[in-house]
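Numbers here are sequence positions counted from 1.
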Amino acid sequence: MEERRADLQRAEEKESTEVRSEKVRALFIDLYNYFRMDSGVDPIVLFEQLCCLLIQLSDDGLEFDGAPDPVSSYRTLMARCKEWDRWGISDSAAFADRPKLAGRMLDTARTAWELIRNRKQLVPPLFDLLETILRDRPNAALGTPFRTAREIVKLTGGAGNADPITLFPVALDPACGGGAFLIALLERAEKEGVSFSGGIGGFERDKHLRNCVRLLALLYDGPRSKVTVSDGGSPVEISRDTYHLILANPPFRSQPLRDREVIDDNGSLPIPTKDVHRAFLQRILLGLGAGGESAIIVPDSFLSHTASDAIRVREWILAKFHCRGIVKLPAYTFYPQSIVKASVLFLRKPRNEQERISREGIFFFSVTADGRSNDSRRLPVAENDFDELGQVWNSQEALWQEWRGGPRSKNVYGMDVPADWKQPHFWFGSLEDIARNDFVLLPDRYQPVKLAGEPTEKPQEILVKMQKLGEEMLALTRQLAEAEYGR
């Protein structure tokens, strides 16, 4: 009975927290809509200022009520943020001639803090605000939603590791954008009571986005945050054989490297390529140390591209790394930035040449629902296939044995599959089939539910039936016309 009562209390607290988070999220979006109605300032500045206010309020309490006007109150609070000066964050002078906006920002920050007196719980609604701003920002890169980053981070480690997080003392996101992966790592480390001894690093060329990541990390982790963010250069410089964990959503743009001799982007890569994305993938994987892991979001076009360098990069990946799994994401994951077919490659670098992989196939999982509707509305839904993925992720060896047993068949692509596989969301592809098909890693290619089977009727018989059906419909139409004329 006591356990039941405690469970109910936790459920009520969770529901209450979610309700408060939704209210705060709505407050932030209202502030953003008010700001952009008559402002020519980059809205990312609004985000920086709001984060500074929330950090200051949570540190010092609500002490600005005695100031004579909103702008003075605003300046008083922001003047305390001296440590932000070295980052080049715009000061309160940007809003000195807009007292209504200054007052609205103060009211929003104060109300948000009163609703959620927990800095860590303020981070998810702030991420939603940042994602909204980036969606409307010209030429913004395709960022990883915080919800998706959380789910991907949960899958890192495991697969036989007794204490997975402690095996990742040095982590990196070489294209961190708004920092979703970095904050998700902080969140998971805190829940499991483990710290990253070597720190969590991110590379980002956009100065404002670097500031956003630093502010979110400070809000979540405090002044001694383990997160550091810097400009990684172009092309990004990733130290080789260094990192224990690399999480990345590299830009999907596929463009030629016209000046590759000048920037030396190609000279030291295992597979020479003129494609930016394929070069980036190789640099990421070369940065892994022995036993290190990587989770990389890639467009499905890379997984099936017929260009020779794309095929060779996929072949190199399977030859040098253990593919722990490939997870297909819903098409609307990145909406409204883009509707894109993308998957996540989970790869591990063997500790030595002698380390062998016992399984001879790759695990595929298709996420069709991620807690949000897979359409332009992206409304909350109860279904979340990531829950099932988490349950089966570390049972791949047993599932592989099940996959290999029983009667066999061929799917529509001619791949070897079980004749009676009952799982709609996950399956395997044998390395033999993959190698025979130009190392295509597209999950759909190996899906067993699309069985070829034998046609139940010959095509000629189907055509005869269609012709007969057409004659019957024509006769019925004539009868209806005659009946109408007789009336």
Spatial distance of atom [atom1] ([X]) from atom [atom2] ([Y]) [nearest 0.5 Å]:
X: F428; Y: Q423; atom1: CZ; atom2: CD; result: 10.0 Å
X: S239; Y: L172; atom1: OG; atom2: CG; result: 9.0 Å
X: L31; Y: L101; atom1: CG; atom2: CG; result: 6.5 Å
X: R214; Y: L219; atom1: CZ; atom2: CG; result: 16.0 Å
X: D173; Y: I284; atom1: CG; atom2: CD1; result: 8.5 Å
X: I116; Y: L122; atom1: CD1; atom2: CG; result: 5.0 Å

Under 3.5 Å: donor-acceptor pair, side chain of [X], backbone of [Y]:
X: E204; Y: V229; result: no
X: R188; Y: V153; result: yes
X: W421; Y: F426; result: yes
X: D385; Y: T368; result: yes
X: N437; Y: F439; result: no
X: S294; Y: I246; result: yes
X: Q282; Y: I271; result: yes
X: Q396; Y: W393; result: yes
X: S430; Y: D433; result: yes
X: W427; Y: P443; result: yes

Of all heavy-atom pairs between [X] and [Y], which one has the smallest distance, and what is that distance?
X: P145; Y: E131; answer: CA-OE2, 3.2 Å
X: G178; Y: L216; answer: O-CD1, 3.8 Å
X: P174; Y: L247; answer: CD-O, 3.5 Å

Original post:
Which residue pairs satisfy the salt bridge (charged side-chain N to carboxylate O under 4.0 Å, His left out) criterion with at least one member in residues 237-249, sequence neighbours excluded?
Top reply: D241-K349

**OP:** Check the pair F302 / V313 against side-chain contact (heavy atoms from CB on, under 4.5 Å), numbers first and verdict last.
**Re:** CA-CA 10 Å; F302 164 74; V313 169; 3.8 Å; yes

Are [X] and [Y] side-chain neighbours, meaning at least one heavy-atom pair lies under 4.5 Å?
X: I44; Y: I133; answer: yes
X: L185; Y: V227; answer: no
X: L286; Y: L269; answer: yes
X: Q447; Y: V412; answer: no
X: L215; Y: E48; answer: yes
X: C323; Y: F346; answer: no
X: K410; Y: D416; answer: yes
X: L46; Y: Q49; answer: no

**OP:** I would like to know whether E22 and R25 meet salt bridge (Lys or Arg N to Asp or Glu O under 4.0 Å); could you show each step before the answer?
**Re:** CA-CA 5 Å; E22 285 298 326; R25 188 174 291 109; 2.6 Å; yes

**OP:** List the steps and the verdict of side-chain contact (heavy atoms from CB on, under 4.5 Å) for I29 and D128.
**Re:** CA-CA 9 Å; I29 299 301; D128 284 348; 5.7 Å; no

**OP:** Assess whether salt bridge (Lys or Arg N to Asp or Glu O under 4.0 Å) is satisfied between K226 and D221, documenting all intermediate values.
**Re:** CA-CA 8 Å; K226 308 170 189 66; D221 210 30; 3.4 Å; yes

Original post:
By ring-ring contact (aromatic ring centres under 6.0 Å, His included), which residues pair with F127, not counting sequence neighbours?
Top reply: F146

Original post:
What residues form a ring-ring contact (aromatic ring centres under 6.0 Å, His included) with F47, not counting sequence neighbours?
Top reply: none

**OP:** Please report the C-alpha distance between D136 and Y32 in whole Å, then the side-chain angles of each, then the deciding distance to 0.1 Å, and finally whether the side chain to side chain donor-acceptor pair (under 3.5 Å) criterion is met.
**Re:** CA-CA 11 Å; D136 298 334; Y32 168 59; 2.8 Å; yes

**OP:** Could I get the full list of salt bridge (Lys or Arg N to Asp or Glu O under 4.0 Å) partners for R119, not counting sequence neighbours?
**Re:** D59

**OP:** Can you establish whether the number of heavy atoms outside E432 located under 6.0 Å from its atom CD is more than 12?
**Re:** no

Original post:
Taking only residues two or more places apart in sequence, or in another chain, which ones meet K120 in a side chain to side chain contact (heavy atoms under 4.5 Å, CB included)?
Top reply: N118, E190, Y220

Subject >> Pairing residues for E187 by the side-chain hydrogen bond (donor to acceptor under 3.5 Å, both in side chains) criterion, not counting sequence neighbours >> reply: R150

**OP:** Could you go through the side-chain contact (heavy atoms from CB on, under 4.5 Å) check for D309 and R312 one step at a time?
**Re:** CA-CA 5 Å; D309 59 331; R312 292 180 63 201; 5.6 Å; no

**OP:** Take T333 and I297, measure what side-chain contact (heavy atoms from CB on, under 4.5 Å) needs, and give me the verdict at the end.
**Re:** CA-CA 11 Å; T333 296; I297 299 176; over 6 Å; no

Original post:
Do K328 and D300 sit within salt-bridge range, that is, some charged N less than 4.0 Å from a carboxylate O?
Top reply: yes

Subject >> Reference residue F386; test side chain to side chain contact (heavy atoms under 4.5 Å, CB included); the match among K154, Q391, E151 >> reply: E151

**OP:** Compute whether any side-chain donor of one residue and acceptor of the other, for R104 and T108, lie under 3.5 angstrom apart.
**Re:** no

Subject >> Aromatic ring proximity, centroids under 6.0 angstrom, Y446 and W403 >> reply: no

